[in-house]
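Below is one structure, written out as structure tokens; the observations come after it.
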Amino acid sequence: MTPCPNCQSNEVYAYKETVPFTGKHVSYLPGLGTMFSAAYVKPVLCAECGLTRYFAQDDARERVKTNGGWEKL
Ligand SMILES: [Zn+2]
């Protein structure tokens, strides 16, 4: 996850846990969570430029392959 793909800094931090990737009324990874919760992601932030990335956990990455709402580019 280092260096940062935007500024090449090595001041990149990852949150130690995964967190639900959702807002109050929106899911940012629609269809990839479970019936009971949103998909989880690990946030990674560059302390130099602020670029923030979210990495979906394994089960969401597997579901994207078969969920009809997502298309492979
Ligand atoms: Zn950066």
Side-chain angles (χ1 to χ4, degrees):
M1 297 194 190
T2 58
C4 171
N6 185 58
C7 72
Q8 284 69 53
S9 167
N10 286 315
E11 288 296 310
V12 176
Y13 295 81
Y15 197 63
K16 291 181 178 176
E17 301 174 18
T18 57
V19 295
F21 198 36
T22 183
K24 190 168 185 180
H25 296 293
V26 62
S27 172
Y28 296 107
L29 290 174
L32 303 185
T34 67
M35 185 182 305
F36 306 106
S37 73
Y40 276 63
V41 295
K42 178 177 282 288
V44 175
L45 183 144
C46 174
E48 286 296 315
C49 74
L51 177 69
T52 305
R53 296 174 286 165
Y54 298 93
F55 293 84
Q57 70 175 11
D58 292 351
D59 59 345
R61 290 164 48 205
E62 200 55 44
R63 285 188 198 105
V64 76
K65 298 174 185 174
T66 55
N67 183 285
W70 294 77
E71 61 183 351
K72 190 169 188 279
L73 302 179

- Scanning both residues in full, the closest heavy-atom pair of Ala56 with Val41 reads CA-CG1, 3.9 Å

- For Ser9, which residues count as a side chain to side chain contact (heavy atoms under 4.5 Å, CB included) partner, sequence neighbours excluded? Cys7, Glu11, Cys46, Glu48

- Message: Whether the side chain of Asn6 engages the backbone of Leu51 through a donor-acceptor N/O pair (distance < 3.5 Å, no angle test) should be reported.
- Response: no

- Distance, nearest 0.5 Å, that separates CD of Gln57 from CZ of Arg63: 7.5 Å

- Over all heavy atoms of both residues, which pair between Arg53 and Met1 is shortest? Give the atoms and the distance, please. NH2-O, 2.8 Å

- Note on the structure: Taking every heavy atom of Val12 against every heavy atom of Pro3, the minimum-distance pair comes out as CG2-C, 4.5 Å

- Message: Give me each pair satisfying salt bridge (charged side-chain N to carboxylate O under 4.0 Å, His left out) with a member in residues 14-28, each pair once, sequence neighbours excluded.
- Response: none

- Message: For a quick test of reading the model, state the closest non-hydrogen atom pair linking Thr22 to Ser27 and the distance between them.
- Response: OG1-CA, 4.1 Å

- Task: For Asp58, check side chain to side chain contact (heavy atoms under 4.5 Å, CB included) against everything at least two apart and list the hits.
- Result: Arg61

- Nearest non-hydrogen partners of Tyr13 and Ala47, listed with the distance: CE1-CB, 3.8 Å

- With sequence neighbours left out, write down each residue that passes ring pair (Phe, Tyr, Trp, His ring centres under 6.0 Å) with Tyr40, or none if nothing qualifies. none

- Query: Under 3.5 Å, is there a donor-acceptor pair between the side chain of Lys42 and the main chain of Tyr54?
  - Reply: no

- Considering only heavy atoms from C-beta outward, does the side chain of Pro43 approach that of Val19 to under 4.5 Å? yes

- Message: Side-chain heavy atoms nearer than 4.5 Å, only ILVMFWY residues, links allowed to pass through others: does that put Phe21 and Val64 together?
- Response: yes

- Tell me, please, which residues at least two apart from Leu45 pass side chain to side chain contact (heavy atoms under 4.5 Å, CB included). Thr52

- In Å, rounded to the nearest 0.5 Å, how long is the span from CG of Leu32 to NZ of Lys65? 12.0 Å

- Task: Look only at the side chain of Trp70 and the backbone of Pro30, and say whether a donor-acceptor pair between them is shorter than 3.5 Å.
- Result: yes

- Query: Phe55: what forms a ring pair (Phe, Tyr, Trp, His ring centres under 6.0 Å) with it, not counting sequence neighbours?
  - Reply: none

